[in-house]
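Beneath this line is the structure, given in structure tokens, with notes to follow.
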Amino acid sequence: MARLVLMLRVVMLVLAAGVVAGRLTGVDSWVLDAATPLAYGCVVLLLALRVWFVRTQRLVWAAFGLGLCSSIAGTVYAAVNNVADVRDSTWADVGWLGFFPFAFAGLLLLLSDRVPSRRTALDGTITGLGGAAVFSAIVLDGLIGVTTADGIVTLAYPVADAVLFGTLAAQWALGFWSGLTSTMIMGGISLSIMADTVYAATDGRVPLPAGLIDVLYLGGIMLLGLAAWRQPGPVRPDHDRDPYRVAIWLAGGALTVLLVASQTPLSEFTVILAGLTLVAGMARMGITVRELEAVGRERYREARRDALTGLANRRAVLERLDRLGRRPVALMLLDLDRFKQVNDVHGHQAGDDLLVQVAARLAEVSRAGTLVGRLGGDEFVLVVEDDDVGPEAVAAIARRVRDRLRDTYRLTGTDGPVTAGIDVSIGITIRDDANPEALLHDADLAMYQAKRAGGGHVLHMPGQPVAPALPPTARESLLDR
């Protein structure tokens, strides 16, 4: 199979080189007329073999192959009519125009398995519509100068070229021209678009080098034939090219087209493309706004979440207390006893495991509506909001919390799985106003009294005197830590 493919490539290139040399030097011979469809035939055979023997991207190459067959049929029909001196080119136009829907389908199939998200697909759509609108305004309205009175065939070629150009622009914006195979495919179709554009724009009014149009068509088809049997390799989109940025530029181009249309008559096709581009652009802007809002909300949550345990962090706790105002609230400050020993003996991984499990147990035993947070290190906090909160209720919560936290923990230590046990000292304060500094200060004092007593919980009410045996650090507010 490799030898057959190589032989077809060599024959194709030899025939193409002969046709190009003959056309550019102005040679008019039946040999060249026969060599052109033969070269095209080699390309079709290469594509047919590619579809038959290679499973990947079969539909892509089948679409390109069918498009080339249609184009070749049109060329053969035109050549036969030329020899017979027949001026009817209707069926030739049908064959040549048949290339476009198949080429368009091939490009979409090539793109379909490479678009990572709907957002990227919308970026490609904006780019494609905007590119087609700009192409249509420059070529269809500017260079060719068509009007709505022109025939369907006259309009069909530049309109089809505009759609293909937009599709190529989308592929480029999405970064899928980075591989040689993709570049050859895009280059081949670009040469066909260029040939159509030059032919339609000049239409015999501007002298061109002999056979230039035929050479452009032939070069485009040869590139497709050469690309068919190349190993595609992994697609590596160009991450330096932002498809959204390209889409915005082309949406701006579409807006310019609409502004020009308000002063200068443009074809309906151009105006429709520009309008669709702006509609897609507004949809993309809406998506962008929602994404930014989601990112903002996530960053807000992350800034108020403890990275290790997922609980509320110090900032979130203080903000929650500040929002409560003068509502009655109970604050319970927890400090883990023997946590340092676990950390020192079994390693920091065991300490982190312990903190995570403590956080889970606190969330498990807390009442609905209670804020569970971690202030840092091995200090945790519970904010109990209840109009009926009182000493007996918070004491019951403290006993339930202590009983749950004193259960055995299974941890991952430096030498493997270990079990460990801890105790907890809980400082509680109840106030009729949720003043963050006062709450944390009173709970801090109570927690150190509980720690001095060897664990358990201590309730410190506003105005209650401080025990004289407390260490100096116990009188510092947690806000200063």
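Values below: all heavy atoms of this structure, side chains included; hydrogens, waters and symmetry mates excluded.
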Within the structure provided, determine whether Arg299 and Val295 are in side-chain contact (heavy-atom separation under 4.5 Å).
yes

Working to the nearest 0.5 angstrom, can you tell me the gap between Asp161 CG and Ser190 OG?
10.5 Å

Do the non-hydrogen side-chain atoms of Leu355 and Leu336 ever get within less than 4.5 Å of each other?
yes

Could you check if a side-chain atom of Leu334 sits within less than 4.5 angstrom of a side-chain atom of Leu405, using non-hydrogen atoms only?
yes

Please list, one pair per line, the donor and acceptor atoms closer than 3.5 Å that link side chains of residues 215-223 to other protein atoms, with sequence neighbours excluded.
residue, atom, partner, partner atom, Å
Tyr217, OH, Asp196, OD1, 2.2

Gln357: what forms a side-chain contact (heavy atoms from CB on, under 4.5 Å) with it, not counting sequence neighbours?
Asp353, Arg361, Tyr409, Leu411

Among pairs that include at least one residue of residues 365-378, which meet salt bridge (charged side-chain N to carboxylate O under 4.0 Å, His left out), considering only residues two or more places apart or in two chains?
Asp306-Arg374, Arg367-Asp386

Within the supplied structure, the quantity of interest is the number of heavy atoms (other residues, nucleotides, ligands) at a distance under 6.0 Å from Asp407 CG; does it exceed 12?
yes

What are the two closest heavy atoms between Cys42 and Val11, and how far apart are they?
SG-CG1, 3.7 Å

How long is the straight-line distance from CG of Leu292 back to CZ of Arg297, given to the nearest 0.5 Å?
10.5 Å

Taking the side chain as C-beta and beyond, is there a heavy-atom pair between Met12 and Leu226 under 4.5 Å?
yes

Greater than 12 external heavy atoms within 6.0 Å of Arg58's CZ:
yes

Side-chain touch Leu68/Phe99, heavy atoms, less than 4.5 angstrom:
yes

Nearest-0.5 Å distance, OG of residue Ser192 to CZ of residue Phe100:
7.5 Å

Might you point out which heavy atoms bring Arg304 and Ala316 nearest each other, and give the distance in Å?
O-CB, 3.4 Å

Can you list the steps and then say if Arg50 with Thr56 is a side chain to side chain contact (heavy atoms under 4.5 Å, CB included)?
CA-CA 9 Å; Arg50 172 68 167 73; Thr56 58; 3.9 Å; yes

Between Glu302 and Arg305, is the closest basic N to carboxylate O distance under 4.0 Å?
yes

Between Gly351 and Phe339 the two heavy atoms that sit nearest each other are O-CE1, 3.5 Å

Distance-only, no hydrogens or angles: does the Ser70 side chain make a donor-acceptor pair with backbone N or O of Gly95 under 3.5 Å?
yes

So, do Thr370 and Val383 sit near enough that their side-chain heavy atoms are less than 4.5 Å apart?
no

How close do Ala359 and Thr309 get, heavy atom to heavy atom, and via which atoms?
CB-CB, 3.7 Å

Under a 4.5 Å cut-off applied to non-hydrogen side-chain atoms, are Met7 and Leu4 in contact?
yes

When you look at Trp61 and Val54, which way does the side chain to side chain contact (heavy atoms under 4.5 Å, CB included) test go after all the steps?
CA-CA 10 Å; Trp61 293 106; Val54 182; over 6 Å; no

What one should report as the nearest heavy-atom pair of Val51 and Ala62 is CG2-N, 3.5 Å

With side chains defined as the heavy atoms from C-beta onward, is the minimum distance between His348 and Asn343 less than 4.5 Å?
yes

Worked check of side chain to side chain contact (heavy atoms under 4.5 Å, CB included) between Val418 and Val345
CA-CA 11 Å; Val418 296; Val345 174; over 6 Å; no

Could you walk me through whether Leu382 and Leu371 satisfy the side chain to side chain contact (heavy atoms under 4.5 Å, CB included) test, starting with their C-alpha distance in whole Å, then the side-chain angles of each, then the deciding distance to 0.1 Å, before giving a yes or no?
CA-CA 6 Å; Leu382 301 180; Leu371 176 67; over 6 Å; no

If you look at every heavy atom in Trp229 and Leu46, which pair is closest and at what distance?
NE1-O, 2.9 Å

Give, for atom CG of Leu362 and atom CZ of Phe380, the distance between the pair rounded to the nearest 0.5 Å.
6.5 Å

